[in-house]
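Read through the structure below, which is laid out as structure tokens, and then see the notes.
These numbers were taken from a predicted model, which means no experiment stands behind them.
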Amino acid sequence: MRPRPWRTAVLAVLAITSVVGVVGVATGLWVELTGTGTTRVQGLTETVPWDQAITAPTFAPRATPEPTFDLGRYSTSDPSSPWVVVNKQHPIAESFEPTDLVEVDGVLLRAVVEPDLRAMVEAAAAEGAQLVVRSGYRSYAEQAAARAAIEARRGFAHAERYSARPGFSEHETGLAVDIDSGSDPGCNLQTCFSRTAEGVWLAERAWEFGFVVRYTDENTAVTGYAPEGWHLRWAGRELTGWMHAEGLGSLEEALGVPGGPDYPAG
């Protein structure tokens, strides 16, 4: 059977119309995309200004909310205060000695620290971390001896980074405690402590029991000391819980107290 001439003509017209339509749409879109800043990208049902075709979301800066408790409740300079901040800019009086020292696992600490410390050691043990209490309160004279020993062994520069001068140590408040690793004693007082089971547990959980890992990589510029994952400072669960929730890594930041790497001149 011979093809009918009219059918061939119709098919040819349809083919040409399709090609022209596609080329027209493509040409129109190209013109719209490469035109001036006032050109518009056309959708199926609406025309959208080019600079509004993709709108990036914007977010207002998140301010740190005020706590539900009074941050001025306790002094940051009275050595008997639970929120006292002792650093290279804020010393403690040579004559200060806490009046409520108790013995906890062979070391002296203020009585207010004992319940939370015992609870923390017990909780860690239940999860496989063996926290061993190493040291607590030191008098001015004891801190002077500890500092002199480190300086003699490792040099002045090392001592400045890791050991407080007498009168500038948190240990003199009775609120600080050093912890050893029961699972890896070779890392005690070493930077590798932070990688032991005990160091990891303290970094994640100490805040739940009112303690701050006082010296970390993140807060060295504020505290003035190199990281010590074993050095804890008790400040109470209310404060440390708020600090954890708000991502505050130091007492200086939380309580608005200056710090830094340098001791006062003179």
Side-chain angles (χ1 to χ4, degrees), residues 67 69-124 131-150 159 162-180 189 202 206-215 223-225 228 230-243 248 250-259 263-264:
F69 56 93
D70 181 10
L71 278 175
R73 182 189 307 169
Y74 300 114
S75 169
T76 59
S77 58
D78 180 352
S80 64
S81 166
W83 290 353
V84 63
V85 178
V86 179
N87 58 30
K88 291 181 178 180
Q89 291 294 314
H90 297 86
I92 188 171
E94 180 178 351
S95 60
F96 176 73
E97 181 177 343
T99 59
D100 59 345
L101 293 172
V102 296
E103 186 173 317
V104 183
D105 293 346
V107 306
L108 294 177
L109 290 165
R110 290 194 50 190
V112 69
V113 180
E114 181 181 10
D116 282 336
L117 179 58
R118 292 195 184 280
M120 182 173 69
V121 170
E122 183 178 343
L131 305 183
V132 180
V133 179
R134 180 186 185 93
S135 62
Y137 168 73
R138 297 178 197 144
S139 66
Y140 182 95
E142 289 169 334
Q143 181 62 30
R147 164 67 189 231
I150 293 175
Y162 285 96
S163 178
R165 298 177 187 179
F168 293 85
S169 173
E170 287 193 322
H171 284 284
E172 294 170 60
T173 68
L175 299 172
V177 57
D178 289 340
I179 299 293
D180 278 347
L189 300 182
L202 289 173
W207 66 271
E208 297 179 27
F209 300 89
F211 290 92
V212 175
V213 178
R214 190 69 171 96
Y215 309 124
T223 64
Y225 291 101
E228 294 185 354
W230 59 86
H231 180 99
L232 306 182
R233 161 61 197 277
W234 184 89
R237 299 190 187 201
E238 188 174 43
L239 181 61
T240 60
W242 176 71
M243 290 174 62
L248 299 174
S250 71
L251 293 176
E252 285 83 358
E253 295 170 274
L255 298 172
V257 177
Y263 289 96

Does [X] reach the side chain of [Y], with side-chain heavy atoms less than 4.5 Å apart?
X    : Y    : result
W230 : L189 : yes
E252 : Q89  : no
L117 : M120 : yes
P258 : H90  : yes
Y225 : K88  : yes
F209 : R237 : yes
L175 : V84  : yes
R73  : W83  : yes

So how far is it from [X] [atom1] to [Y] [atom2], rounded to the nearest 0.5 Å?
X    : Y    : atom1 : atom2 : value
E238 : D70  : CD    : CG    : 9.5 Å
I179 : R134 : CD1   : CZ    : 11.0 Å
W234 : D116 : CH2   : CG    : 6.5 Å
E172 : Y137 : CD    : OH    : 7.5 Å
T76  : D78  : OG1   : CG    : 9.5 Å
N87  : S169 : CG    : OG    : 11.5 Å

Exercise. Using the side chain to side chain contact (heavy atoms under 4.5 Å, CB included) rule, pick out the option among T223, L239, V86 that qualifies with L251.
Key: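 Exactly one candidate clears the test, L239.
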
Closest non-hydrogen atom pair, [X] against [Y]:
X    : Y    : answer
A164 : R147 : O-CB, 3.7 Å
G174 : V113 : O-CG2, 4.0 Å
R214 : S250 : NH1-CB, 4.4 Å
S135 : V107 : CA-CG1, 3.8 Å
Y74  : S81  : CB-OG, 3.3 Å
V213 : A206 : CG2-CB, 4.5 Å

Quiz item: Are R110 and V102 close enough, and set up right, to give a side chain to side chain contact (heavy atoms under 4.5 Å, CB included), and what steps lead you there?
Solution: CA-CA 6 Å; R110 290 194 50 190; V102 296; over 6 Å; no

Quiz item: Is the F168 ring parallel, tilted or perpendicular to the Y263 ring (thresholds 30°, 60°)?
Solution: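 The arrangement is perpendicular - the two ring planes meet at more than 60°.
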
Quiz prompt | Distance-only side-chain donor-acceptor flag, H231 / E170, under 3.5 Å | solution =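 Yes, because at least one side-chain N or O of H231 sits under 3.5 Å from a partner of the opposite role on E170.
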
